[in-house]
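Read the structure below first, then the notes.
Keep in mind that this is a model prediction, so the values were computed, not measured.
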Amino acid sequence: MLFKKSQDQKKISQKVEEISGATFSILEIFKEKLDGSPKHQLQQISKNNFGIDLESYTDLVYATIELRKKGIVVYFRYKNEEYQLACNYNRLSYISNDGKFELQTDSHQLKLKVKDLKRHHFFIRNLIKCKAKSMSF
């Protein structure tokens with residue numbers, strides 16, 4: 001679910017935590033060697049309610065992905081507004097090849113361009129590990 005962060009921030013934080021779970025503690029991050037994603041260039045987002053048109057926008061839009069206990073949160077900034085896209089692991093699918101990374105959530109599809117391939121591969125391994133751990137319960 002896509003949220004515009006400038007709206008009711010407390011309500012949005014609760015909703016994001018409800019969908020994707022709590023953040024990992026510092027100890028869990030170091031113990032499991034979890035790292036968030038490197039910057040990805042957001043090239044396209046489908047089905048958005050906020051009128052985000054990346055094709056006609058002249059500036060670059062970068063996105064980062066945070067791994068959480070039950071899902072992921074994608075953060076990006078468009079026209080001085082911050083957005084969050086929260087998704088549960090069981091509703092997430094992805095394709096990564098040739099410097100492109102596509103995420104498909106329950107309601108949106110994102111096309112991203114990979115900027116740092118080595119860190120991206122490390123992030124994909126962490127994503128697979130977190131997704132498998134959350135699905136095993």
Side-chain angles (χ1 to χ4, degrees):
M1 183 174 274
L2 184 63
F3 299 102
K4 193 175 199 177
K5 201 169 178 187
S6 65
Q7 294 172 347
D8 190 5
Q9 291 183 5
K10 192 172 187 176
K11 188 184 257 186
I12 289 172
S13 295
Q14 290 173 344
K15 197 80 161 153
V16 166
E17 191 164 320
E18 191 178 294
I19 294 169
S20 60
T23 59
F24 289 104
S25 69
I26 298 293
L27 289 174
E28 289 172 318
I29 290 171
F30 284 124
K31 183 181 173 187
E32 299 290 328
K33 297 181 183 169
L34 296 174
D35 191 15
S37 74
K39 282 195 312 188
H40 292 87
Q41 183 181 345
L42 184 59
Q43 295 182 320
Q44 186 179 6
I45 183 168
S46 65
K47 190 182 171 194
N48 62 72
N49 303 341
F50 299 109
I52 299 170
D53 183 18
L54 296 171
E55 285 85 30
S56 64
Y57 190 57
T58 57
D59 287 345
L60 298 176
V61 177
Y62 290 103
T64 57
I65 304 166
E66 178 188 3
L67 299 173
R68 292 200 175 194
K69 294 187 179 181
K70 292 182 354 186
I72 65 165
V73 181
V74 179
Y75 298 96
F76 65 94
R77 189 177 188 88
Y78 173 76
K79 289 189 177 179
N80 295 327
E81 288 288 342
E82 293 183 25
Y83 295 90
Q84 294 178 342
L85 177 67
C87 180
N88 199 309
Y89 283 126
N90 64 353
R91 296 176 181 227
L92 175 71
S93 62
Y94 57 90
I95 297 172
S96 178
N97 61 3
D98 297 335
K100 302 223 187 271
F101 184 46
E102 293 189 25
L103 282 173
Q104 186 172 356
T105 66
D106 54 347
S107 59
H108 296 81
Q109 184 174 358
L110 286 86
K111 292 185 181 182
L112 304 150
K113 182 177 179 183
V114 177
K115 292 300 203 179
D116 186 350
L117 202 56
K118 186 176 180 181
R119 283 196 62 213
H120 175 71
H121 288 302
F122 186 71
F123 169 73
I124 293 294
R125 282 192 291 259
N126 285 334
L127 176 63
I128 292 168
K129 182 170 52 172
C130 289
K131 187 173 179 176
K133 187 183 273 189
S134 79
M135 302 293 263
S136 66
F137 292 114

Inset, instruction - Evaluate the side-chain proximity of Arg91 to Gln104: yes if any heavy-atom separation is below 4.5 Å, no if none is. - result: no
Legend entry - Pairing of Lys4 and Glu82 as salt bridge, 4.0 angstrom limit: no
Inset, instruction - Show your working on side-chain contact (heavy atoms from CB on, under 4.5 Å) between Phe3 and Lys5 and close with a plain yes or no. - result: CA-CA 6 Å; Phe3 299 102; Lys5 201 169 178 187; over 6 Å; no
Legend entry - Phe24 side chain reached by Cys130 side chain, heavy atoms, under 4.5 Å: yes
Inset, instruction - Quick one: closest heavy-atom pair of Pro38 and Asp116, and the distance? - result: CG-O, 4.1 Å
Legend entry - Heavy-atom donor-acceptor pair, Arg68 side chain to Gly21 backbone, under 3.5 Å: yes
Inset, instruction - Evaluate the side-chain contact (heavy atoms from CB on, under 4.5 Å) criterion for residues Tyr94 and Ile128: first the C-alpha distance (whole Å), next the side-chain angles of each, then the deciding distance (0.1 Å), finally the verdict. - result: CA-CA 10 Å; Tyr94 57 90; Ile128 292 168; 3.0 Å; yes
Inset, instruction - Report yes or no: does Ser37 contribute a side-chain atom to a donor-acceptor pair with the main-chain N or O of Ile65 at less than 3.5 Å? - result: yes
Legend entry - NZ (Lys15) with more than 12 external heavy atoms under 6.0 Å: no
Inset, instruction - Mind listing the closest non-hydrogen atom pair of Ile19 and Asn88 along with its distance? - result: O-ND2, 3.5 Å
Inset, instruction - Using the side-chain contact (heavy atoms from CB on, under 4.5 Å) rule, take Leu103 and Gln109 through it: C-alpha gap first, then chi angles, then the decisive distance, then the call. - result: CA-CA 6 Å; Leu103 282 173; Gln109 184 174 358; over 6 Å; no
Inset, instruction - Decide, yes or no, whether a salt bridge links Lys70 with Glu17 under the criterion of side-chain N to carboxylate O below 4.0 Å. - result: no
Inset, instruction - Nearest 0.5 Å please: distance from the NZ atom of Lys10 over to the CD atom of Gln14. - result: 6.5 Å
Inset, instruction - Check whether any side-chain heavy atom of Val74 lies under 4.5 Å from a side-chain heavy atom of Leu110, and answer yes or no. - result: yes
Legend entry - Test item: side-chain donor near acceptor, Ser46 and His108, under 3.5 Å: no
Legend entry - Minimal non-hydrogen separation, Ser134 against Tyr89, with atom names: OG-CD1, 3.1 Å
Inset, instruction - Quick one: closest heavy-atom pair of Ile12 and Gln84, and the distance? - result: CG2-OE1, 3.6 Å
Inset, instruction - Could you tell me which non-hydrogen atom of Ser20 sits nearest to which non-hydrogen atom of Ile72, and how far apart they are? - result: CB-O, 3.7 Å
Inset, instruction - From the options Lys69, Glu66, Glu28, select the one residue that forms a side chain to side chain contact (heavy atoms under 4.5 Å, CB included) with Thr23. - result: Glu66
Legend entry - Residues, nucleotides or ligands: over 12 heavy atoms within 6.0 Å of Arg77 CZ: yes
Legend entry - pair Ile45-Phe76: side-chain heavy atoms closer than 4.5 Å: yes
Legend entry - Lys39 charged N/C atom sitting above Tyr62 aromatic ring, 6.0 Å / 45°: yes
Legend entry - Taking every non-hydrogen atom, the tightest pair across Met135 and Lys131: CG-O, 2.9 Å
Inset, instruction - With sequence neighbours left out, write down each residue that passes salt bridge (Lys or Arg N to Asp or Glu O under 4.0 Å) with Lys100, or none if nothing qualifies. - result: none
Inset, instruction - Run the ring-centre check on Phe50 versus Tyr83 and record whether the distance is less than 6.0 Å. - result: yes
Inset, instruction - List the steps and the verdict of side-chain contact (heavy atoms from CB on, under 4.5 Å) for His40 and Phe101. - result: CA-CA 8 Å; His40 292 87; Phe101 184 46; 4.1 Å; yes
Could you list the donor-acceptor pairs under 3.5 angstrom formed between side-chain atoms of residues 51-61 and any protein atom two or more places apart in sequence or on another chain?
unit_1 : atom_1 : unit_2 : atom_2 : d
Asp53  : OD2    : Ser56  : OG     : 2.6
Tyr57  : OH     : Lys79  : N      : 3.4

Inset, instruction - Would you check if Leu92 and Asp106 make a side-chain contact, meaning some heavy-atom pair closer than 4.5 Å? - result: no
